Asks: 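Take a look at the following structure, please.
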There are 2 protein chains.
Amino acid sequence: MTTSTRRGPGRPSLTERRREDTRTEVSGAAARLFTERGYDATTVEDIAAASGMALRTFYRYFRAKEETIAPLFAAGIRDWVQRLAEADPDLGLVDALLAAYRGSVRHSRASAGIDDGQLRALLRMVESHGALRAVWLNVYRDTEDQLRPAIAARCGRDPDDLDVQLAAGTANTAVRIAMERWAAGEASARSADDAVARALKSVATGGLLAP
Amino acid sequence: MTTSTRRGPGRPSLTERRREDTRTEVSGAAARLFTERGYDATTVEDIAAASGMALRTFYRYFRAKEETIAPLFAAGIRDWVQRLAEADPDLGLVDALLAAYRGSVRHSRASAGIDDGQLRALLRMVESHGALRAVWLNVYRDTEDQLRPAIAARCGRDPDDLDVQLAAGTANTAVRIAMERWAAGEASARSADDAVARALKSVATGGLLAP
DNA sequence: TGCACATTTGACATAGAGTGCCAAAAGTAG
DNA sequence: CTACTTTTGGCACTCTATGTCAAATGTGCA
């Protein structure tokens, strides 16, 4: 099955990239339908039709209706984690987290084909729809596990170390909360970066929990 | 509809308490079935039958199949939050969180009719079943919001303050991670208290994130 | 006790979610 | 063009979840 196209070592194969593209397209279509006519009023058949595929095929790309929006939520975050791994090793953990985040936001969200306005609209739906909220939380829970190896490497610790896990959890939570506040706030709010930066700095000192 | 029975000001009415009891019973039956024959192999009809009620009645107590286990997860946590509100105001935030947690664990889990072994078994199922994991995360996300007023009052801040929200989020995350580690670890692990205490103390100083 | 009332429960019908199965279609290698 | 693999679509089916309405149950009051 190996194509003659040259591909880097970690680079995904052609078919895998096609698959990702399809997922991204379906995500966009689903998000549009959800925000236009509501989550419940949108059936999986609608999404499949809007994506030009049969119902059965839809379920070969997504396990469930809610999961269509997961790639939209995950887009920026995945990139964040990857950039953290590649960040300057001399940087402190918080600075590295922050630098990685700043670098990722613009680049990655654009490539996922979703703008800030749409993301906000989606995040506001999340509040009221249990299934969507679950996806949102799940994406962050997954991120937590992905952050661990990166943090462990940077601090010279084991990924299973409690402190590593907690650092991943708290940094992750800070970002999530910043995003939730950004989504809930008025349109006047600046890009999410600022909120994330403030939140990360706060948890780094223990914030209100500090002795 | 008011009964002649005297009831305290905040005390729930008789029918409300009956309702809670029923929910607890159904939760227990569901948890038993899930761990015995697996989550997917258990239909809602099975749960309803085991609880001695019709299918339609089940859905008047729980919105969805997964939610049957939410009360089991929430039992200890709710009590934790309440005890925090009642804790000695002179205590530091972390100490108060800790004291409240210690006080709640034994008392509350017993009243929910679930022991540590069952809770562990359930938590291990959570790893592999998206729907259950969603419930687990949701319970903690709810806790986050419930913690906020209590923390705000203790620190003399607004519940919408970013630092309050972050403190709630990080403390909450610490507890969740401690519980997850406790569930994943060997049976030899001591009660969850120790794990929670260590985790809370770590995040209070910023842990690995500390500058 | 018995009657009028509200609330709870159960049975039925139905739409939508999600999956197994197999055949048609499309892409690939030779 | 042919043989082969992968992807897609159609069909049937189970289960989840909800609206509707009637029967059962409980409650207040005479």
Side-chain angles (χ1 to χ4, degrees), chain A residues 1-7 12-27 29-30 33-34 37-70 128-135 138, chain B residues 1-7 12-27 29-30 33-34 37-70 128-135 138:
Chain A
M1 203 240 85
T2 45
T3 52
S4 56
T5 323
R6 102 207 64 174
R7 39 177 288 235
S13 74
L14 176 69
T15 52
E16 272 166 5
R17 263 176 293 153
R18 282 240 179 86
R19 189 177 165 78
E20 269 318 295
D21 289 349
T22 305
R23 281 177 60 92
T24 303
E25 276 176 46
V26 176
S27 287
L33 288 171
F34 290 164
R37 50 173 104 157
Y39 178 75
D40 294 321
T42 305
T43 69
V44 178
E45 279 208 38
D46 293 336
I47 303 173
S51 312
M53 58 174 61
L55 178 84
R56 194 63 186 80
T57 306
F58 169 91
Y59 282 108
R60 291 209 177 82
Y61 284 93
F62 293 95
R63 281 203 212 128
K65 181 180 171 182
E66 324 91 68
E67 290 202 356
T68 47
I69 58 165
S128 49
H129 292 274
L132 297 182
R133 185 168 139 149
V135 172
N138 240 310
Chain B
M1 203 236 84
T2 44
T3 52
S4 56
T5 324
R6 104 205 63 167
R7 39 178 287 235
S13 75
L14 176 69
T15 51
E16 273 167 5
R17 264 177 294 153
R18 283 240 179 87
R19 190 179 165 77
E20 269 317 296
D21 289 349
T22 306
R23 282 176 59 92
T24 303
E25 276 177 45
V26 176
S27 287
L33 288 170
F34 290 164
R37 50 173 106 158
Y39 177 74
D40 293 321
T42 305
T43 69
V44 178
E45 281 209 36
D46 292 337
I47 302 173
S51 311
M53 58 174 62
L55 178 81
R56 194 60 186 83
T57 307
F58 169 91
Y59 281 109
R60 291 209 175 83
Y61 284 94
F62 293 95
R63 282 206 208 126
K65 181 179 169 182
E66 322 92 67
E67 290 202 356
T68 47
I69 58 165
S128 49
H129 293 274
L132 297 182
R133 186 168 136 149
V135 172
N138 243 311

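Just so you know, these numbers come straight off a predicted model, no measurement behind them. Below, chain A is the first sequence line, B the second, and so on; all start at residue 1.
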Asks: Show your reasoning for whether side chain to side chain contact (heavy atoms under 4.5 Å, CB included) applies to A:Glu67 and A:Asn138.
Replies: CA-CA 10 Å; A:Glu67 290 202 356; A:Asn138 240 310; over 6 Å; no
Asks: For B:Thr42, answer base if it contacts any base atom (sugar-phosphate contacts may also be present), sugar-phosphate if it contacts only those atoms, and nothing otherwise; contact means non-hydrogen atoms under 4.0 Å.
Replies: sugar-phosphate
Asks: Figure out the CZ/P separation between B:Arg19 and D:dG26, and round it to whole Å.
Replies: 17 Å
Asks: Mind calculating the distance between OH (A:Tyr61) and P (C:dT19) to the nearest angstrom?
Replies: 17 Å
Asks: At 4.0 Å (heavy atoms only), tell me whether A:Glu67 reaches a base, stays on the sugar-phosphate, or touches nothing.
Replies: nothing
Asks: Of A:Arg60 and A:Thr43, whose closest DNA chain C nucleotide lies nearer the 5' terminus?
Replies: A:Thr43
Asks: I want to verify a distance call: between D:dC11, C:dT9, D:dT8, whose nearest atom is closest to the A:Arg56 side chain?
Replies: D:dC11
Asks: Look at the side-chain N and O atoms of B:Thr57 and state whether any lies under 4.0 Å from the OP1 or OP2 oxygen of C:dG10.
Replies: yes
Asks: Could you check how far CE of B:Met53 sits from P of D:dA24, rounded to whole Å?
Replies: 19 Å
Asks: For B:Lys65 and C:dG16, what is the distance between atoms NZ and C1' respectively, to the nearest whole Å?
Replies: 16 Å
Asks: Pairs under 3.5 angstrom only: tabulate donor-acceptor contacts from the side chains of residues 47-66 of chain B to other protein residues two or more places apart or in another chain.
Replies:
unit_1, atom_1, unit_2, atom_2, d
B:Ser51, OG, B:Ile47, O, 2.7
B:Lys65, NZ, B:Tyr39, O, 3.2
B:Lys65, NZ, B:Thr42, O, 2.7

Asks: Take atom OH of B:Tyr39 and atom C1' of C:dG18, then tell me their distance rounded to the nearest Å.
Replies: 13 Å
Asks: Between B:Asp46 (CG) and D:dA17 (P), how many Å, whole number?
Replies: 14 Å
Asks: Could you state the interatomic distance from OG1 (B:Thr68) to CZ (B:Phe34), rounded to the nearest 0.5 Å?
Replies: 4.0 Å
Asks: Please compare B:Phe58 and B:Leu55 by the position of their nearest nucleotide in DNA chain C and report the one closer to 5'.
Replies: B:Phe58
Asks: Whether B:Arg23 and B:Glu20 form a salt bridge (side-chain N of Lys/Arg under 4.0 Å from carboxylate O of Asp/Glu) is what I want to check.
Replies: yes
Asks: Between atom CZ in B:Phe62 and atom P in D:dT16, what is the gap in whole Å?
Replies: 15 Å
Asks: Nearest whole angstrom, please: distance from the P of D:dA17 to the CZ of B:Arg63.
Replies: 12 Å
Asks: Just to confirm, is there a sub-4.0 Å distance from OP1 or OP2 of D:dA17 to any side-chain nitrogen or oxygen of B:Tyr59?
Replies: yes
Asks: Looking just at side-chain N and O atoms, do B:Thr43 and B:Asp46 make a donor-acceptor pair shorter than 3.5 Å?
Replies: yes
